[in-house]
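This is a predicted model, so every value here is computed, not measured. All ligand and atom numbering here is 1-based and tracks the order in the structure. Reckoned from all heavy atoms, side chains included, excluding hydrogens, waters and symmetry mates.
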Amino acid sequence: MHRSAKKDIVKTGAMMALFAVVIIFSALYYVNAVSSSLEETTREYLQEIAWQNASTVKKQVEGDFQMLQAMAGFIGGQKDFLVAPNMDILTEQVSKTSFKRMGLILPNGTAYTTDDMNMMAAEQDFFKRGMEGESTVSETISDKTDGEKVYVYETPVYHNGHVVAVLFATSRAQTYSSLLDVTLFGEEAYSFITNRDGGVIVHSRPPQRFMDIENIFNKNNLDIAIKSNELSKMQDDMCNRRSGVVEFIHDGRIGYINYTWINVNDWYVISAVSADVVVGKSDYLIGLALAVCITTMVIFLGLFAYILYAQNHHKQELERLAYTDEVTGGYNWSRFIMAARSVLNKSGDQEYAMIIFDIDKFKVFNDLFGHPEGNRIMQHIWMVLRENVGKDEPFARVSADNFNILMKYESDEEVEYRIKKIVERIENFGEASSIGHSVKLSFGVYYIVNKTLSVSLMSDRADIARKTIKGNHERMIAFYDQGIRDRILAEKSIENEMVEALENGEFEVYLQPKYSIATRGIVGAEALVRWNHPERGMVPPGEFIPVFEKNGFVVKIDRFVLERICEKQRDWMEQGLKIVPVSVNISRMHLHNPEFTQNTIDTVQKYEIPCGLIELELTESAMLDFENTTKLIDIINKLKAEGFTLAMDDFGTGYSSLNVLRRLPVDVLKLDREFFGTDTDSRRGETVISDVVAMANHLDITVVAEGVETKEQVDFLSTIGCDIVQGYYFAKPTPIERFEKLCAASN
Ligand code: C2E
Ligand code: CA
Ligand code: CA
């Protein structure tokens, strides 16, 4: 993964973490807010209920009292106080109200009840208080008849200013129970009515565990649950008719108790609710909040993950496009540089060699067999490399038909051995392919000395080595070594000096005569340039012409040579000397200059010499490499029309067939001196030469044999009908003055 991708993930991760923290804090804040608001609401609600309960109870009690006191007033207000008739009224009243019974107790304690209950009223507290003129409501007591929880209202009956009886009504505790409404809180809430001392008068439908409580302040009722200071506060408040709320803990659960004073009998409505109810409610809200949080978080995380994925995917796709070679599917040049760099950085003591190779004449291969077949070769090469290089040896097709390998090595032999193995595999392609065309490869090897050099410089060095054997059929591998380094330095110094050298007249033109075998006379000459270097002496063109061809300076040199020759021809004409045509070399660069033809004509006309005195030599490879054959033919024809002679130089060094001769309208064919080299199979060479000469004669093309050094060669050439020879056998290239003498002496 790349640095930027890692950075992005860290960035997104940090954002996600921040987001999660924000969500969690919001959730906590929300939970807290919900809890405290719910607690607040609960307290308020509890208070509300207590007040309502208190007022309901108060109204009920007051209503009951009013009714009782009205009855007492009625009974006492009668002319005569008699028990019996009043009992009928009471019985009727009981049937109309919710009272269980009513009754009258006489001062002697005799009790008359609507249900004929036998009751020992004299000992009853309420009776005593009634006799003293008080109206009271008793605490909850058990009904003697059936044990039902009841309480008793009583009020004195005054007759003529004396208490003549106590009127009482028994009410079922159940009646008030149903008034104590705490249903909102369900089973977990309950209410009591107590007196100021905590004695339970009535309770709501409470949980079973509270059914038997008689006094809320009794041990094990509330004191265990309420903090002692809270408990005493509550007790103190109740003694002093104050209302309030306290917190309690039961079984580790928190709850609230509200006590509200009712202005009846000094009663209190005590309402309790377990915080579980609150928590239960808040649990729901908190749960909801958490669900929302988690959902939001999941959605956002999902979104983040998706964005990350999409980004990554997009990046990978871009990287794939940016770093993949579309022909082989492997690395491209950019990716190769990265991979090589990273391998070299981690390589420690391991030695590496940068290798580059290409296919000779791949352009021609493509032209002949088509691009799909060319691509097939590339893919095949790539596959061979994949199978033959190791994990830490990046390789790639880096351009057209160029491949790079960063190869590990222990010894030089190992590199050569591995290259040969790779070549063997690649060459199998030819046999396997339907075309059967085998490929020739050229390798350049640079043993990496300084691993910190740029990968592209390493590749350049390997490439410089490779170029030294380009087109050389004998050598397949070239190493970047001291020789190459020296040559590069030499090239640099040539480039530094060339312009000045031309201005200073350091370039000289030599002439090498061409002889007729038949007459042994000079029939022409070739102009060959020399560099008369002030320090290095006479430098042969082989050392500087290739450099000039690379940097373009050769165009100036050729023009200089042409001018020198025209000038000389003019001289000779004026002096009335013997004149022969002289050929000049035309570098391939001229062909790309649209003004070349006209410039050449202009130069010759400037010296007022016939164009027929100038022969133009273009090498076979220059002609064949020029893509536009029609245009080349045009150029040749135009020059020929002006009277120039056109020669194909170095014939036999390229891969051209004789067929090319038919198409290109040249006048002269110069057989390369390679034909006469000592190491070629002489028989075969002679056959080829004679065929070429025969063919040329047939096409009316003059053949000039170059580099002829021996008498045997001369004799052979003469037998096959080649008449003109340029070679050391007759003469070497010489300064013009000496050539003039040779010419004058020649017949
Ligand atoms: P080239 O055009 O093929 O020139 C013939 C070369 O063969 C000359 O080498 C000549 O000295 C050499 N030669 C002639 N007879 C014999 C022989 O019997 N034995 C051997 N071993 N060599 C022989 P030179 O003068 O060193 O020129 C080398 C090349 O430099 C020329 O090859 C030509 O390609 C290039 N060159 C020379 N002068 C010019 C020039 O003015 N312009 C351009 N563009 N190229 C030039
Ligand atoms: Ca030549
Ligand atoms: Ca030549």
Measure up the Trp333 and Phe336 rings against each other and bin them: parallel (under 30°), tilted (30 to 60°), perpendicular (over 60°).
-> parallel
Examine the proximity of ligand 1 to Asp558 and report which part, side chain or backbone, both or neither, has a heavy atom under 4.0 Å away.
-> side chain
Kindly check if the number of other-residue, nucleotide or ligand heavy atoms within 6.0 Å of NZ (Lys732) is above 12?
-> no
Is there an N/O/S atom in Thr619 that lies less than 3.0 Å from the Ca ion (ligand 2)?
-> no
Can you figure out which of Glu526, Gln726, Arg673 has its heavy atom closest to atom 6 (C) of ligand 1?
-> Arg673
The Ca ion (ligand 3) to nearest N/O/S of Glu617 less than 3.0 Å = no
Is the Lys NZ or Arg CZ of Arg530 less than 6.0 Å from the centre of Tyr510's six-membered ring, within 45° of the axis?
-> yes
For Arg530 and ligand 1, answer yes if some heavy atom of the residue is under 4.0 Å from a ligand atom, otherwise no.
-> yes
With a cut-off of 3.0 Å, does any N, O or S atom of Asp649 fall short of it relative to the Ca ion (ligand 2)?
-> yes
Glu526 atom (N/O/S) at minimal separation from the Ca ion (ligand 2) | OE2
Under 3.0 Å from the Ca ion (ligand 2), is there an N/O/S atom belonging to Glu706?
-> no
With under 30° as parallel and over 60° as perpendicular, where do the rings of Phe548 and Phe507 fit, or are they tilted in between?
-> perpendicular
Verify the contact flag for atom 32 (O) of ligand 1, where contact means a protein heavy atom under 4.0 Å away.
-> no
Using a 4.5 Å cut-off on heavy atoms from C-beta on, say whether the side chain of Lys670 contacts that of Gln726.
-> yes
Closest to atom 37 (C) of ligand 1 by heavy-atom distance, out of Val554, Val561, Leu528, is Leu528
Cation over ring, Lys556 on Phe553, under 6.0 Å and within 45°?
-> no
Hey, is ligand 1 close enough to Tyr728 that some N/O pair sits below 3.5 Å?
-> yes
Quick one: does Lys732 get within less than 4.0 Å of ligand 1, heavy atoms only?
-> no
Have a look at ligand 1 and work out which part of Pro540, if any, has a heavy atom under 4.0 Å from it: side chain, backbone, both or neither.
-> neither
Side chain to side chain contact (heavy atoms under 4.5 Å, CB included) partner of Val708, the single match among Val725, Ile517, Leu671 = Val725
